[in-house]
Amino acid sequence: MSIDGANTKKTAPQAGVSLTQDAWRRLRRNRVAMLSLITLVLITLLAFITPLLPLQAPDFTQTSIQYAEPTASPFWLTTFELNTESISNTPTAVAKLKAEVPILETAFAAAKSKLQQAKANLTVDEPTTLQQQHDDAKAALRQKHAEIHDTIQQPYRQLGFANLGWLSRNMVQLRYAMFSNRSLNSFCGRDVLGRDLLSRLFWGARISLIVGLVATIVSLVIGVTYGAVSGYLGGWVDDAMMRLVDVMYSIPFIFVVIFLLTILGEESVADELAYWGISRITIFFFVVGAIYWLTMARVVRGQVISLKTELFIESARSLGAGRARIIAFHLLPNLFSVVLVYLTLTIPRVMLFEAFLSFLGLGVEPPDVSWGLLANEGIKVITPVKIYWWLILFPSLALGTTLLALNFFGDGLRDALDPRLRDE
Amino acid sequence: MIPFCFKRLLWMLLTLWVVFTLSFFLMRAVPGGPFDSERVLEPEIERLLKKRYNLDKSLFEQYRIELGNYARGDFGHSFKLTDYTVNEVIAQGLPISVTLGTFALVFALVLGLLAGIVSAVSRGGWADFTLMLIATTGVALPNFVIAGICIILFVFMIPIFPAAGWGNFDQLILPAFCLGAPYAAYVARIARTSMLDVLSQDHIRTARAKGVGPVRVVVVHALRGAMLPVVSFLGPAVAGILTGSLVVEQVFAIPGMGSHFVQAAIARDYTLAMGLVMLYTVLLFSMNWIVDLSYSVLDPRVKLN
Amino acid sequence: MPSNSRNLTASILVLAILAGATKALFFNTSLPPADFTFVNETEIKSLDPAIVTGHPENRIINAVFEGLTKLHPETLEPIPGLAKNWEVSDDLLTYTFHLREEARWSDGTPVTAHDIHYSMRRFLGPRTAAEYAYQAWYIKNAHNYSLGAKGLQVGDAVEVELNLPIEATNTRRGKILRGKLLSVEQEKKSSDQRVFVVEIDGKSIHYQPTDDESAAQNDPPKNTHWCRQILLDFRQVGIKVLDPLTLRITLENPTPYFLDLMGFYPLFPVNQKCVETHGSPQWAKPENIVTNGPYRVEFRRIRDRIRLRKSDTYWNRDTIQLNVIDALSVDAVTTSLNMYMTGIADWVTEAPGPTLRILRNQQPPRNDLNPSPFLSTYFYLLNTTRKPLDDIRVRRALALALDREEITSKILAAGEVPALGLVPPGITGYHPQQTTANDPEEARRLLAEAGYPEGKGFPRLDILYNTHEMHQTIAEVIRKQWQRELGISISTRNEEWATFLASQRQMQYNISRRGWIGDYADPNTFLDMFVTGSEQNSTGWNNAEYDRLIAAAGKESNEKARMEFFQQAEKILLDELPILPIYFYTSKNLVKPYVRGFYNNVQDFHPLWALWIDRDSDEPNEFMSTKGQP
């Protein structure tokens with residue numbers, strides 16, 4: 001059965017105004033949607049410049065002031081002591097360490113090839129010692145890499161930052177140059193370890209937003225490609241591909257995700273992944289992306305089917321354009337509006353899903369922090385004896401506002417792009 | 001309708017087979033066996049134990065035996081709850097989850113439709129605005145947060161419901177509400193939109209012009225048309241409620257499938273986890289199927305194929 | 001379809017859903033309330049005493065089974081249980097137990113010495129794979145019996161268990177042949193197929209162990225016979241039935257805590273007929289199980305509750321006051337606290353840390369909270385087989401950089417004491433040893449000496465803990481402390497209990513959280529964990545001198561000298577530091593004031609049979625007026 005899908009559009013663009021311009025005009029008239037858009041832009045911007053803001057470090061522990069209530073006096077704290085001297089020494093130290101890497105690499109390569117040779121020759125006794133040498137060489141190499149990493153991160157870590165990327169590190173330095181050791185007091189209170197909730201909210205925003213965005217984009221890429229191919233090719237290919245989607249709708253993916261995350265949490269697997277820089281959150285991106293593409297594929301297919309009978313596709317085909325070219329250059333751009341709407345409506349779902357996994361203890365791993373994790377920490381300390389209201393209120397507020405804004409904006413966008421639903 | 005059902009059944013079996021195969025190999029890929037926590041064993045004993053779970057055979061042989069057992073509806077013993085078979089765990093957990101889920105769904109439908117209709121009828125008014133704000137908030141918060149807030153409100157501040165547990169009717173209401181709330185919100189939004197759509201259609205105008213009272217117009221004429229998108233939302237809603245019960249059952253200490261599911265996955269209780277996946281697949285499939293059927297009942301234009 | 005009939009169908013659909021819901025609901029309702037309800041933490045693994053190890057299991061099994069002795073609810077001294085009295089020989093090696101003639105199983109049959117004999121054999125038998133089997137190794141030859149073929153030497157008297165048909169109940173024993181082990185032949189060096197040559201009635205016969213299925217399907221190799229297993233002749237083990245009501249147990253060494261062990265739940269008797277009729281694990285189902293304790297299992301709902309009802313066959317039933325007890329299985333600490341606060345539960349074993357602190361400081365003081373220290377230590381295991389933890393300097397550095405005070409004063413809330421040793425204070429005659437307290441300066445020096453100045457290049461270690469809020473917070477704080485003092489970067493990792501145990505056992509960890517509660521009030525319960533080859537020693541550490549001291553203590557009958565051995569052993573342990581002691585536990589029970597017969601004691605163990613409810617009394621209950629330790 002096919003109920004969703006082919007919503008044939010009867011939208012002949014008005015003279016002189018393109019579809020996009022028309023939609024934008026309608027969108028601007030929708031006050032709620034515009035407010036949401038502004039909120040979203042603001043939140044994204046703040047999340048981006050978080051390292052520049054005069055906040056305390058998100059993982060800076062002071063158990064002596066655990067569960068401190070929100071306070072604004074004094075306004076400034078002066079605990080942010082960045083060791084600039086150590087930072088300026090970092091490049092030389094790193095260069096020195098990096099010089100040692102090639103030696104270890106060659107040693108490792110040699111041990112590896114020796115081991116492989118021995119294995120190929122099936123000598124019985126030797127592989128154990130060779131295996132040992134191989135493992136040692138590997139460990140030595142990895143340790144050197146870890147050493148380089150530690151040297152770079154050390155000054156920031158001491159302050160209470162999780163691992164920072166290059167850009168963030170520079171932003172933190174810039175922030176120190178601007179605000180020196182000043183940082184805002186805990187306007188949102190502190191948690192069990194005395195960490196500043198305000199700063200955790202800002203840093204959490206970065207991860208939560210990235211999680212939502214990246215996972216959605218992954219699902220988008222899969223979904224659009226799949227739907228476009230299916231819809232364009234039609235016939236039995238389309239039938240088969242859509243049947244597969246139907247079948248996949250009935251698979252309890254939530255289980256697969258939980259199970260995958262626990263498997264990949266197995267120590268030996270996790271170690272190997274960590275070395276390659278794959279954290280649980282990276283896995284999350286792909287797994288979630290791989291789930292949420294189903295709806296997208298259906299919608300896109302419907303669009304493509306209605307589009308492919310349109311004149312401009314016919315003409316492109318008659319001009320001799322290949323299938324791939326038609327899909328890529330003629331169909332996909334016309335899917336823009338559907339995709340955009342879908343994007344704004346999927347991001348909140350993914351963010352909720354991340355929160356759900358945080359609740360099960362399978363979300364982001366400390367010292368990283370996300371809104372879902374914060375909300376879960378807040379919920380856990382709700383007891384009839386005392387409610388640390390700030391620990392649940394602020395994360396919920398942050399998560400709620402963002403999701404609300406995304407929902408409203410998505411609705412507005414749909415209304416604007418689909419004039420059929422336009423208010424009379 | 002009968003060929004439709006038959007086709008669906010075939011597809012379900014195929015899906016079950018795919019899911020079975022996938023999860024079977026996934027679980028066998030996990031490092032560490034089921035007897036990890038047992039003390040160091042004699043080789044003979046270890047072989048015996050492995051034999052009990054067919055782990056001594058080749059992977060393919062294991063697969064064949066397991067598939068045969070599953071086809072007969074025998075899901076084997078739970079690895080971690082040693083006194084129980086998977087079937088027994090399901091027999092205990094399923095009625096609980098079904099009860100909870102059904103009530104959550106009823107909550108979602110009743111509250112959602114009511115809110116949606118009121119909203120649509122009083123369009124633009126304060127009732128519309130308030131209801132839609134609540135509905136959107138319901139969509140925008142994780143259900144463990146909703147559950148936490150409900151516990152503060154209705155267990156401690158206004159003590160009308162018990163904090164947790166299972167067995168009495170009053171222990172059902174709060175969890176069912178928390179589970180149904182996000183879907184009530186969705187239903188409200190969908191119902192409002194489709195209601196507005198229907199209310200502006202010709203036959204409603206005609207009915208109004210004929211002097212049919214506003215209540216009768218809404219209940220008799222508009223509601224059915226507005227139900228259609230709501231019903232098509234039931235499929236995802238049921239799926240969502242099944243998943244959502246993982247959280248709600250944990251928060252309220254309810255011994256349903258959700259709790260078993262999470263614990264089994266985390267504890268690597270292979271057999272239980274696998275049995276539950278299969279069960280969930282059947283549930284999801286049947287739900288989608290029922291939804292499709294009810295759709296054709298509500299809208300004669302939809303043909304089953 | 002006409003509109004009316006469509007309406008009808010829709011209404012019927014809705015009605016069916018509602019009806020289904022209500023029906024399903026009434027299957028679950030109308031549960032009469034219990035006299036006493038408590039939160040028994042997590043779901044129990046089994047009701048089979050022999051194969052379980054946890055605290056939740058302990059509480060239930062102690063209520064439904066009874067051993068030769070039982071522990072006094074306050075002092076934990078062994079008091080008569082199944083045995084009405086006993087005699088101990090002068091050399092402290094022979095115990096003669098006299099059973100009560102009025103003791104009955106729940107099916108009405110008497111509990112006899114044969115039942116104890118059967119249960120002990122079952123408990124020690126390798127096929128049962130009892131984790132706690134080592135607690136019975138104090139009995140003469142029990143260790144060798146429970147090791148199976150590994151414990152045999154040529155010349156030993158052995159028993160050969162023959163195979164049964166496949167369809168036989170899995171708990172039944174095959175035919176037993178007794179003889180003398182002449183030799184062991186191993187087919188190939190790599191193969192684990194062993195052939196045992198046994199002399200039976202003057203004939204030497206070759207036996208090869210195999211399972212029943214292979215025995216039924218395949219012919220044995222030439223001149224060889226199949227058998228299930230070959231064990232030491234159980235008649236060699238120091239358990240003798242003198243008559244149906246008298247049992248004699250002979251020990252390897254004088255064991256001062258042997259009577260305590262007889263009250264320890266894994267060694268409780270099970271009903272042979274029940275076990276052999278239903279097989280394992282079916283016999284442990286509530287509808288099948290036959291018990292001999294003060295309570296019987298009425299029903300069990302997975303992850304919900306176990307309902308216990310007073311047994312009408314228990315010999316001492318007149319003293320049992322509570323008729324119906326519910327043991328709830330609730331994993332989340334916050335949820336259980338909510339249940340306690342709203343009156344669903346009368347006893348919870350634990351409250352979340354921060355909440356507990358507030359509760360303790362409430363004015364006027366609460367009449368349902370009385371934290372008290374008990375014999376239990378919280379520590380971290382270090383995997384000494386892994387780099388860099390194989391370096392004693394690194395282990396010392398980690399220990400010296402710990403600030404235990406921060407943990408006990410800020411994170412824990414029940415007045416826990418920082419631990420500088422493994423054995424908690426409070427064992428009579430024992431002076432606990434101590435490692436050096438917090439010294440970051442020295443820690444940094446040691447770490448630099450080990451090759452990691454300022455923590456640079458220190459491998460990525462992680463702290464493993466079982467999923468629990470408190471463990472997580474402690475791991476976080478320790479991670480911070482090490483980062484602050486040593487500059488090293490450590491991560492944390494959680495695993496669910498069973499997986500966590502597996503990781504520990506297979507040493508798949510770097511640093512792992514561990515808690516140990518004394519099984520009896522003696523340093524041995526803590527210190528014998530770390531002897532070479534112990535199943536609890538999952539650190540890879542071993543020390544010959546340590547092993548010697550613990551063994552010497554086991555043989556010593558002079559109490560003072562015995563304690564001296566233990567003290568020397570603990571000193572070695574704390575010098576080498578395969579473990580990092582963190583703190584000594586404090587009990588965190590919340591018990592309603594009307595619950596009586598609940599005492600604080602050194603094992604935080606509270607038998608259900610001792611409890612009663614008294615809602616009229618104004619004076620504080622036993623819980624508020626007792627302390628676990630001086």
At a heavy-atom separation under 4.5 Å, does [X] approach chain A through its side chain, its backbone, both, or neither?
| X | answer |
| --- | --- |
| F144(B) | both |
| V19(B) | side chain |
| V277(B) | both |

Self-check item: Beyond-backbone contact of L14(B) with R243(A), side-chain heavy atoms, under 4.5 angstrom
Solution: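 In short, these two side chains do not touch, never coming nearer than 4.5 Å.
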Practice problem: Kindly indicate whether the side chain of L246(B), heavy atoms from C-beta on, has any atom under 4.5 Å from the side chain of F359(A). | Solution: no
Quiz prompt | chain B interface, residue from G378(A), P348(A), A355(A) that has the most non-hydrogen pairs under 4.5 Å | solution = A355(A)
Quiz item: Which residue out of I392(A), N376(A), T402(A) racks up the most heavy-atom pairs below 4.5 Å with chain B?
Solution: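 That would be N376(A).
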Side chain / backbone / both / neither for [X] at chain B, heavy atoms under 4.5 Å:
| X | result |
| --- | --- |
| L399(A) | both |
| I379(A) | side chain |
| F408(A) | side chain |

Exercise. Spell out the residues in residues 146-156 of chain B that have some non-hydrogen atom less than 4.5 Å away from a non-hydrogen atom of chain A, in order of number; otherwise answer 'none'.
Key: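 So the qualifying residues are G148(B), I152(B), F156(B).
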Quiz item: Where is the tightest heavy-atom contact between S396(A) and L141(B), given as atom of each residue plus distance?
Solution: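 Minimum heavy-atom contact is O-CD2, 3.7 Å.
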Exercise. To the nearest 0.5 angstrom, please state how far the CZ atom of F356(A) sits from the CG atom of N143(B).
Key: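 Interatomic distance, F356(A) CZ to N143(B) CG, rounded to 0.5 Å: 8.0 Å.
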Exercise. Please identify each residue that fulfils ring-ring contact (aromatic ring centres under 6.0 Å, His included) with F285(B), with sequence neighbours left out.
Key: none
